[in-house]
Amino acid sequence: MSKLTTLHEFIVSKQKDFPFATGELSRLLNDIALASKIVSNDVRKAGLVDHILGAQGGQNVQGEEQQKLDVVADEAFIRAFKNGGEVCGIASEENDDFLAFESEQAQNANYVILFDPLDGSSNIDVNVSIGTIFSIYRRVSPQGTKATLADMLQPGTQQVAAGYVLYGSSTLLVYTTGKGVNGFTLDPSIGEYFLSHPDMKMPENGRLYSVNEGNLNDFDPQLRAYLAYCQSNENQTGKPYSGRYIGSLVADFHRNLIKGGIYIYPTVPSAPNGRLRLLYECNPLAFIAEQAGGLATDGQRRILDIQPTELHQRVGFYIGSKLMVEKAMGLH
Ligand code: AHM
Ligand code: MG
């Protein structure tokens, strides 16, 4: 049997790819792994908490109030980042404003992290896959001071690492540091991630499309024409593509990354700027998609080129296999 590679071994072995690496980024990735194991454990107990403990007045055995899982996840990640001391600040989809950490160690740290602690929250209560998405940047403010908004509002091209954790039939951590994409599966019995998906590549083309078709009447003519193409016998496979929409972006993206497909959440009248957040959802997944050979746009611009102007900015989102995104953009 060939030797298994743990996430920690893998991170350490890749540290030399960064000529001036001090180990800070490696430690930050380990902090993420740790927090994700805590959240994974909580996610696995979610049904118990909601339907058994929840039935007892929302209190656990110690008589403490149960919190919602997205808040639990948010706190677990923030705690890991605060204790780890590798970031000077964080921004989370769950919080209105960013947090600048006060400690001297944090103020001397070089990185900020932006994340969606539990994406697909409408799926929590119905036992369907959910995930965490994260994006890491080097700060632009001077070291030794508090993190600023400018540290958070950097275009996606400046990401030094990004990834997601999918709490699915197993827990999987996928990340990139700009040198390809690798995936690690958690062995829950020993609490260790092992390299399970080395050097992930998105198929150049696919036959899965993921979109909330309930919004069809609000889609622009170009998108409707693209969906009609997907559903027709006229596409390159000669038979209709399959529609697959979980409603958890991480899970929809992950499936399309492996099998080939496109995920679309366009701008619509009810969400004129789109639904998904540029900083917490679109940039990190766009970085991974491009690293795996795919594409991500807002309909006009490459996602990674967009200069953010606010923390919770939303954008239209087309992400997936290269030829499918190009076709949807009307480039073929
Ligand atoms: P969330 O971060 O509040 O969970 O919202 C993002 C989610 C995505 O995971 C998912 O793809 C999308 O919203 C689903 O939206 P809709 O229910 O409008 O199809
Ligand atoms: Mg989300």
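Remember, it's 1-based here, ligands and their atoms both numbered in the order they're listed.
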Would you mind finding which of [options] brings a heavy atom closest to [atom]?
atom: atom 11 (O) of ligand 1; options: Y263, Y280, Y245; answer: Y263
atom: atom 10 (C) of ligand 1; options: G247, S270, A271, S121; answer: G247
atom: atom 4 (O) of ligand 1; options: S210, G120, S122; answer: G120

Any idea which protein heavy atom is nearest [atom], and the distance to it?
atom: atom 18 (O) of ligand 1; result: Y265 OH, 2.6 Å
atom: atom 12 (C) of ligand 1; result: R275 NE, 3.5 Å
atom: atom 2 (O) of ligand 1; result: E93 OE2, 2.9 Å
atom: atom 9 (O) of ligand 1; result: L249 N, 2.7 Å

Do side-chain atoms of [X] reach the backbone of [Y] as a donor and acceptor pair under 3.5 angstrom?
X: N95; Y: D97; answer: no
X: S321; Y: G261; answer: yes
X: T6; Y: F194; answer: no

Student check: side-chain heavy atoms of M329 and T297 closer than 4.5 Å |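 Counting from C-beta outward, M329 and T297 do come under 4.5 Å.
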Where ligand 1 meets [X] - atom numbers and elements under 4.0 angstrom, heavy-atom basis:
X: E281; answer: 2 (O), 6 (C)
X: S248; answer: 9 (O)
X: L276; answer: 6 (C), 8 (C)
X: D119; answer: 1 (P), 2 (O), 4 (O), 6 (C), 8 (C), 9 (O)

Does a sphere of radius 6.0 Å around CG in N233 hold more than 12 heavy atoms from other residues, nucleotides or ligands, not counting ones at 6.0 Å or beyond?
-> yes
Crowding at CD, Q143 (>12 non-hydrogen neighbours, <6.0 Å) = yes
Indicate the ring-plane relationship of H254 and Y164, choosing parallel, tilted or perpendicular according to the 30° and 60° boundaries.
-> perpendicular
Using the ring of Y229 (Phe, Tyr or Trp, six-membered ring only), decide whether K327 places NZ or CZ under 6.0 Å from its centre and within 45 degrees of its axis.
->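 K327 over Y229 ring: yes.
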At a non-hydrogen distance cut-off of under 4.0 Å, which region of N212 contacts ligand 1 (side chain, backbone, both, or neither)?
-> side chain
Report the part of D116 in contact with ligand 1, treating N, CA, C, O as backbone and CB onward as side chain, heavy atoms under 4.0 Å; options are side chain, backbone, both, neither.
->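 Just the side chain.
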Quick one: report the N, O or S atom of E281 that is nearest to the Mg ion (ligand 2).
->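 Nearest N/O/S atom: OE2.
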When you measure from the Mg ion (ligand 2) to each N, O or S atom of D116, which atom gives the shortest distance?
->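 Answer by atom name: OD2.
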Compare every heavy atom of R244 with every heavy atom of D252, then report the nearest pair and how far apart it is.
->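 In terms of heavy atoms, the two residues are closest at OD1-O, 3.6 Å.
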